[in-house]
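Heads up: the structure comes next, in structure tokens.
Atom set for the values below is all heavy atoms of this structure, side chains included, hydrogens, waters and symmetry mates excluded.
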Amino acid sequence: MAEDLRPIEELSFREAMAELDGIVGLLESNTLELEDSLVSYERGVALLRALKGRLGEAQQRVDVLMGELSGEAGDQERDTTLS
């Protein structure tokens, strides 16, 4: 199973989501042997981690673009806290 899987970095977001969905369905079906379940679970965790990272990057890009649209904040609006 693991031999024919593409590296996660090479998958598009949609492909990674589809693979994760398939893994969840397979695990929920309760048809795998324990060892195969563990391999599938590990792959699912890796996919989830990668997808969350991509979503975080996309959110940062959107935040930057939204900031550019709203213009520079004035001194009164600027957050000067160190949090």
Side-chain angles (χ1 to χ4, degrees):
M1 178 183 165
E3 302 84 34
D4 58 343
L5 295 176
R6 287 175 41 205
I8 293 172
E9 308 81 45
E10 293 180 8
L11 298 175
S12 70
F13 188 87
R14 186 178 305 249
E15 290 170 331
M17 281 292 296
E19 185 177 337
L20 181 58
D21 188 48
I23 288 171
V24 169
L26 195 57
L27 290 172
E28 288 177 341
S29 73
N30 231 5
T31 58
L32 296 175
E33 294 294 328
L34 176 62
E35 295 79 10
D36 293 332
S37 291
L38 288 172
V39 169
S40 294
Y41 185 80
E42 288 174 350
R43 175 73 174 189
V45 168
L47 285 163
L48 184 59
R49 186 178 300 121
L51 289 166
K52 281 185 170 185
R54 291 181 192 181
L55 283 174
E57 291 169 7
Q59 182 63 52
Q60 286 178 342
R61 290 174 63 189
V62 167
D63 290 344
V64 167
L65 292 170
M66 292 304 293
E68 289 174 2
L69 285 177
S70 66
E72 276 290 317
D75 287 338
Q76 298 294 334
E77 300 167 349
R78 194 179 316 266
D79 183 9
T80 58
T81 61
L82 296 175
S83 56

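No donor-acceptor pair under 3.5 Å is formed between the side chain of Glu10 and the backbone N or O of Pro7. Counting only distance, with no hydrogens or angles, the side chain of Ser40 and the backbone of Ser37 share no donor-acceptor pair below 3.5 Å.
With a 6.0 Å radius and a threshold of 12 heavy atoms from other residues, nucleotides or ligands, Arg14 has its CZ atom at or below the threshold.
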Can I get a per-line list of side-chain donor-acceptor pairs under 3.5 Å for residues 48-55, giving both atom names and the distance, sequence neighbours left out?
residue	atom	partner	partner atom	Å
Arg54	NH1	Leu11	O	2.9
Arg54	NH2	Ile8	O	3.0
Arg54	NH2	Leu11	O	3.0

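The existence of a salt bridge linking Glu19 and Arg6 is excluded, since no basic side-chain nitrogen approaches an acidic carboxylate oxygen closer than 4.0 Å.
Annotation: salt bridge (Lys or Arg N to Asp or Glu O under 4.0 Å) contacts involving residues 22-32, sequence neighbours excluded, are absent.
When each of Ile23, Val24, Asp21 is tested with Leu47 by the rule side-chain contact (heavy atoms from CB on, under 4.5 Å), just one qualifies, namely Ile23. Checking Leu26, Val39, Leu38 one by one against Leu32, the side-chain contact (heavy atoms from CB on, under 4.5 Å) holds for a single residue, Leu26.
Cluster partners of Leu69, using a side-chain heavy-atom cutoff of under 4.5 Å among ILVMFWY residues and allowing indirect links, are Val62, Met66.
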